Amino acid sequence: MSSETKKPLLACRNLFKHFGALAAVNNIDIDVYPGDVLGIGGPNGAGKTTFIDVISGINPASSGTVSLDGHDITNYGPDRICHRGMARTYQLNAGFDSLSVRDNVLVGAAFGSGDQGIPKFRYSKEMMARVDYALELVGMQDRGHLIAREVPVLDRKLLMLASAIATEPKLLLIDEPVGGLTPHEIDHVMEILRGLMKEGITIILIEHVMRFLLQLSTRVLIMHHGESIYEGAPDQLLADQQVVEVYLGEGTAKRLRHLMDQGAK
Amino acid sequence: MSRRDLIILVVLIAFAIAFPYMGVPRYLLTSALVMFCFATVVTQWNLVFGVAGIFSLGQLAIFAIGAYTTAVMGRYLDMNVWYTFPIAGLAGVGLSLLVGLATLRMKGVYVALLTIAIAQMMFVLIQTDTACSELNRIINPQTCISFTGGSQGLGDFGSFGWREVLGGRDAVRGDYYTMLGLLVVGVLVSFFIINSRIGLGFKALRDNPELAASRGISQFKYQLIVFGVSAFLTAVAGSFYAAKFKAVGPGILGFDLLLLLIAMLVVGGLGRAWGPLLGALVITIFREGVDNIMTEGLQWRDVIFGGIVAAVMIFMPEGLTGTLDRLWNYILIKLGFAKARSSTVTAVAQDKKAND
Amino acid sequence: MNFFLQIIVSGLTLGAMYSLSAVGLSLVWGSFNMLNMAHGAIMTLGAYFVIIWFDSMGMTLWLAAPFALICAAIAGVILYFISAHWMLTKRAFDTNIMIATIGISIALQTGLLKAFGGEPYAQPLSLRSYSFMVNDVPVSYQRLVIWATALILMVGVGIFLSRTNFGRAVRATAQNRDAAQLMGVRVRRVYVAVLALASVLAAVSGIMLSSMKELMPLMGGEPLLKAFIVIILAGLGNVTGALYAAILVGLLEAAVQVLVGAQYGFPAILIFVILVLIWKPAGLFGRRTVARQ
Ligand SMILES: Nc1ncnc2c1ncn2[C@@H]1O[C@H](COP(=O)(O)OP(=O)(O)O)[C@@H](O)[C@H]1O
Ligand SMILES: [Mg+2]
């Protein structure tokens, strides 16, 4: 998928993030091309969340550069990065708890893109349309009036996704979207993400559920102690000795190989 | 603004306009107009504390800046107080923006502590200002009064001037309608902002600052906006207060007034458009009522008052409007006029349907 | 030279008194993020309890003082059960309880005003009128009592926190409530005990305060502000830091009072604390990570 002639949408160069002596992100160097789905895996504490915290501006990089669509965003705050077309979700269910589901998505639509120079009092028709579109994409159009605090876990995850989509991102960062969900719910989320891919949104996806990660990704990055220990096609991953050793374990690898073979047939 | 809100507001304003002609004693008019003044402050404070979720107690300092601006300009520059109002408003905005900048990266109680310290600082500076001022000597060579008047306060800077226009007997009505006008503007501004796109930004920042930033909201910009916008009318209210009573002293920076305003805010309900109005009304009626019932009751009043503030915070942190809102929604849902706003209720309702 | 001595003597006294009130306040915040605005009212209450047991009940002073402290501890427990107990699991605990305790403080203070009237009482527990001279600077024995009390109590609290099981539970809870709970610490009991302990410290500082000046229902307001200043300078929740900051503030205030003028002492420390809050909100000795939670 990722041809070398295309210009990368996201380019990270020698990215580091230190917490004291700990290098939570240790020299990550990666390009993500338009239309890619980059899956990121790795054990707990590997630095996956910190990595997308850094590129989305939540936590400034210690050194290295990040550019989006050829534009250097290393020192941008999260709001400006969002305006340039990158949106993210959180590992924990983050939301605007006292607002309705619809207003949650409206925040993304009203503030996430376009000209945010001078704050305005009114919403445009186009924003409202985007809210409807985002709610429909995650299948929550009938629940817009509910208060966000009170919707169930799956809906909270979908809501977070919808409010990200409403910002019209070119690049969407998704942090463990199916953690704690049932297999049935996982399939539901997978369908939604497939829908997003069809819309042409480039995605970086962190996930522990390997079946989910391998089936959706066009490329995979495995992190360990902040470093990249594997970067390449998903179907080569299970052949990588180091990944199997430090992360998957022989049993899981075997099960996944079986699954991938079935998928291929 | 919903139709329901608009109707209630129109009825309230009509009632307030008719009130002075309903044969009420004059002191009640004064209580009412003081209530209008404080309610204005609370509507604006609610934007900062309730809607944007920034626990600033600096509103009193802004109120005081407004009052002192009018006093100083009226006294030393011989300005008509009506001309000092916009200047007072801008002075308040200036101070508030500074406070907003200083608290930009702070959360929760840190903001409260800093703003208390700033208000206390103003209080102490005014109190320790005892040197005879040169400016005052120009106006009145016989007396020794400091620039801010120190703990004595300042007087002699003019008033609304209704006495000259309406005569001594009706002057209080002039004051009453002036304050009412201010409050109506304050309420309209607050309703407008709460329901606007900017207001949504404030609420998002309140509920989850990090997510708000990720969705494109600049905390810097929106915090400064809410501090700036809410300060103008607060300072003008302070300056109206000075003009009405023709005197200001450092007492307006004191703990008593702070508690009174907090009580109006939290009893009414934080972050809700109707909260400040309802809170101001209920608290004023409570105070007037207790004063009438218990002649020696001034201190008991404050014991009960403190208890009420505590009890509301502990058992009813959403205030009266929060509770009424739930009740209203519950009734609407029961009557079938609205959809339930919590999925648990929806689930129950769906179960019921399934059983039917 | 006498100036210097004067500053040291009065600065250390102020510092000792501030440390007594500030350490309790800091401990409560450090344990469960409760900024107790009723702390000043409890100081006053503690001082009045001495009067109640001594004047009204006719106890000897040696009995009245410990009884007053026990009553203060009970007041702390009651404070917990009427406020924090109901709010701990609700949203915006830190701001809501701050407002709630402002209300409780007003109720308590005006209650005292109603019960005892506005006239000042003399604190019976005082050696203020007896003094000795050091280099022409009079030092009252009461100052010695205050220094000794502060020293003993601070060392006592230090030992309590570092050496006893209960102290370890307090510190564990302060660092991580959930983890402490998982380890079997009954955190709510810890909170009650911390509030009781803080109230005892408040009462001691109230008694000391009134022994230097006089006893009035509204006397808790200013020391509360000072205690806040101290714990902000130390960094909220930094208990040992509060001790140092108290002495620093006492000395600074005394120095400005002696060298510049009595009325400038308070404004000087206010400016200082505003600047610290803006530039170093974690306090003078604080680590950055604990700030602005
Ligand atoms: N704000 C922080 N301060 C200090 N250490 C942190 C912080 N955030 C994350 N870490 C540490 O960085 C490492 C990577 O964490 P994280 O990115 O959350 O891992 P993952 O998402 O891969 O599970 C962990 O060791 C974690 O403890
Ligand atoms: Mg993670």
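No experiment lies behind these values; they were computed from the predicted model shown. Every chain is numbered from 1, with letters handed out A, B, ... down the list of sequences.
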Most heavy-atom pairs under 4.5 Å with chain B, out of I229(C), I99(C), I104(C), belong to I99(C)

Which atom of [X] lies closest to which atom of [Y], heavy atoms considered:
X: A107(C); Y: V303(B); answer: CB-O, 3.4 Å
X: L277(C); Y: M106(B); answer: O-CE, 2.9 Å
X: K90(C); Y: F315(B); answer: NZ-CA, 4.3 Å
X: N96(C); Y: P317(B); answer: ND2-CB, 3.7 Å

Answer with side chain, backbone, both or neither: which region of I232(C) has an atom nearer than 4.5 Å to a non-hydrogen atom of chain B?
side chain

Chain C interface, residue from [options] that has the most non-hydrogen pairs under 4.5 Å:
options: A102(B), A117(B), A112(B), A311(B); answer: A117(B)
options: L125(B), V109(B), T128(B); answer: V109(B)
options: I262(B), V309(B), V124(B); answer: V124(B)

To the nearest 0.5 Å, what is the distance between CZ (F228(C)) and CD (Q120(B))?
12.0 Å

Rounded distance [0.5 Å steps], CD1 in I314(B) versus CD1 in I97(C)
7.0 Å

Measure distances from F123(B) to the heavy atoms of chain C and classify the residue's part below 4.5 Å as side chain, backbone, both or neither.
neither

Contact part of I118(B) toward chain C, heavy-atom cut-off under 4.5 Å: side chain, backbone, both or neither?
both

From the list I231(C), L35(C), I274(C), side-chain contact (heavy atoms from CB on, under 4.5 Å) partner of L113(B) resolves to L35(C)

